Amino acid sequence: MINQLRTDLYRLSHTWGILLTLVFTIAYSFIITSNSIVGGIMVTGDSMSKLSVVSWTLKDGINASTLSSTLLVYIFIGIFVMTIGYEFSQKTYKNTLVSGITRSQFIISKYLIMLLNIFCLILIYFLTSIVSGMISSRTVGTSWQNLFSMVFNTSLVIAFFISVVFGMAILVLLLTSSVVIGSLFIVIFPILITTLHNIANWDWLKYFDFFSAAMKISLKLTPSNQLWNYVLVSLAVLIVTMILSVVLIKQKEL
Amino acid sequence: MEKTILSVSNINKSFGKNKVIDNVSFELQKGDIYGLIGSNGAGKTTIMRLITQLSPLKSGSIKLFDKKINQQALKHVGAVIETPVAFDRLTVRQNLKLVAIQRGINDKKKILKIIKFVGLEKKLNTKSKNLSLGQRQRLGLAIAILPEPDLLILDEPINGLDPSGIIEFRKLLEKLNHERQITILISSHILTELYHVSTRFGFIYNGQLIKEITKEQLDKVNQSGLILTVDNVAKAARIIDAKFADKFTVLDDKNILIHSLDIDSSKLNQVLVMNDVSVISLTKKEKSLEDYYTNLIGGVKHD
């Protein structure tokens, strides 16, 4: 499996798409922090109020970037397409699966590569925010150690929650054999969950609103008694999705 | 002693109610080039997909080196199934580098050697999407042989190749088989080409393996014919029946096929002439693999 991870890293590093994703991520972070604006698809009034200060510190920049991180998922769709989509659209899985790798190793390695890439890009996203703030001569707003610790933890949390949706997209891709539908799922899922949550008023749906969960946990807006519910639901969804994907690919006519 | 590389036993495959592979069994010995012959939809590709586990096997067993085939065992297999696949946006070298990493090959020179071996050295830095079909076939072969497999599975590898490409590809396969002792399972619609490269043949019809034959046996079967053209077929037939023990068939009012090349043609000519039968011609008939296949399938259809 290590070889497969190395293979995917080599391939991605030789793909223009990953460079474009990196450029968009840096540009997006730079624009948010430099102009003191907040974007995102599920930004709430509560969270916004934290940033209603006149002049931002580097810490405020990180918070703003966290709030705006919901949009990152659309930038990261390319990672899904490049990591596993190409294998199916170009049928190169035929070479991969005859290389001695098991189906479960194939699925897990693809997930891990996506997680790793998302984590690294989010880390770069926050580091860009810090650099942009420094260029604008902003103060740190906390200790440097706290700031970096915050960046690392937030990156980890956001990357994990985004990766859950990407993991589900792998299952959709295997079910439909369509990269387009798999990618569309990533776009539609958060919107669908939020809309359903608002219309149906099903409180439990909030645990499946992975992007908002990432944001709330990072900004410490989640009540401490609900924190583990979010984590456990996400982990359970991820594990079930991975198992179903492995079962499906074992039964699938490839 | 012959070493069995691949053993396929009683495999079956159905898609819904449609049975596409029906109780197929065959073996490949080390050094074999086994030509799988059959029409479109006969089941050749499905057999190859079952061997490479791209299609799940529900019934029967497939053994590689006497062990039940699994993903680990596939490390010893190189395959090009249906069409050669490579990442479009990567160059020839990058695609092979990718396979080298995947298979844990650290010898950097090996990639260049393989590229040279398949004749793609001038396309080293060309993106896979810009290669011609023939060049893609070569890249597919390079990807399959880079890990030095013991068994190479090639599904219609000469599709789309021009005549010179076909000849070069044949030489490549012979080289792989002779120099590297790679056992090859190959399918193709171009039977003349398959005849040239294969040492054994398996004929698939409607998902069933209806016949297995070695090249030697095939040659023997195909060469055993003399066409005798005479002015009086009935008289000639009586003479052959009385004086020669060989089997023969009256084809029409002028021609008789004698199913043997061992018959003394000059004596036959002499005896016929002495009995007032004019011999217009006596020609050796060599049937091709196509003829054999057509007869075989024709026979099965009539059954």
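Fair warning: this is a prediction, and the values are worked out from it, not measured in the lab. Residue numbers start from 1 in every chain, and the chains themselves are labelled A, B, ... in the order their sequence lines are given, proteins ahead of strands.
- Using a 4.5 Å cut-off between heavy atoms, B/Leu98 touches chain A through backbone and side chain atoms alike.
- Other residues, nucleotides and ligands contribute over 12 non-hydrogen atoms within 6.0 Å of the NZ atom of A/Lys252.
- Of the inter-residue distances, the one linking B/Leu90 atom CG with A/Tyr10 atom OH reads 7.0 Å to the nearest 0.5 angstrom.
- Between A/Val98 and B/Ala79, the shortest heavy-atom contact is CG1-CB, 4.4 Å.
- Within a 6.0 Å sphere centred on CZ of A/Phe24, heavy atoms belonging to other residues, nucleotides or ligands number 12 at most.
- Put simply, the side chain of A/Glu253 reaches to within 4.5 Å of the side chain of B/Pro56, judged on heavy atoms.
- When all heavy atoms of A/Gln90 and B/Phe87 are compared, the closest pair comes out as OE1-CA, 3.2 Å.
- Looking at A/Gln4, the atoms closer than 4.5 Å to chain B (heavy atoms on both sides) all sit in the side chain, from C-beta outward.
- Using modelled atom types, one side-chain atom of A/Lys94 and one backbone atom of B/Ile81 make a donor-acceptor pair closer than 3.5 Å.
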Query raised in the report: Step by step, would you call A/Lys250 with B/Gln53 a side chain to side chain donor-acceptor pair (under 3.5 Å)?
Result: CA-CA 9 Å; A/Lys250 277 183 178 173; B/Gln53 301 205 313; over 6 Å; no

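- Using a 4.5 Å heavy-atom threshold, the side chains of A/Trp16 and B/Arg89 count as separate.
- Only the side chain of B/Lys13 has a heavy atom closer than 4.5 Å to any heavy atom of chain A.
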**Report entry** Steps toward salt bridge (charged side-chain N to carboxylate O under 4.0 Å, His left out) verdict (A/Lys91, B/Glu82)
**Finding:** CA-CA 11 Å; A/Lys91 298 200 168 179; B/Glu82 288 166 321; 5.4 Å; no

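- No donor-acceptor pair under 3.5 Å is formed between the side chain of A/Asn95 and the backbone N or O of B/Val99.
- Each of B/His76, B/Lys75, B/Gln94 has some count of heavy-atom pairs under 4.5 Å with chain A, and the biggest count is that of B/Gln94.
- B/Gln102 places no side-chain N or O within donor-acceptor distance of the main-chain N or O of A/Asn3, the cut-off being under 3.5 Å.
- Residue contact with chain B, scored on non-hydrogen atoms closer than 4.5 Å, is absent for A/Ser89.
- Note on B/Val77, B/Thr91, B/Asp88: by heavy-atom pairs under 4.5 Å with chain A, the leading option is B/Asp88.
- Among A/Thr96, A/Thr15, A/Ile2, the residue with the largest count of heavy-atom pairs under 4.5 Å with chain B is A/Thr96.
- For B/Arg103, the parts lying near chain A are the backbone and the side chain together; criterion is any non-hydrogen pair under 4.5 Å.
- Your options are B/Ile143, B/Leu74, B/Ile101, and the one with the most heavy-atom pairs under 4.5 Å with chain A is B/Ile101.
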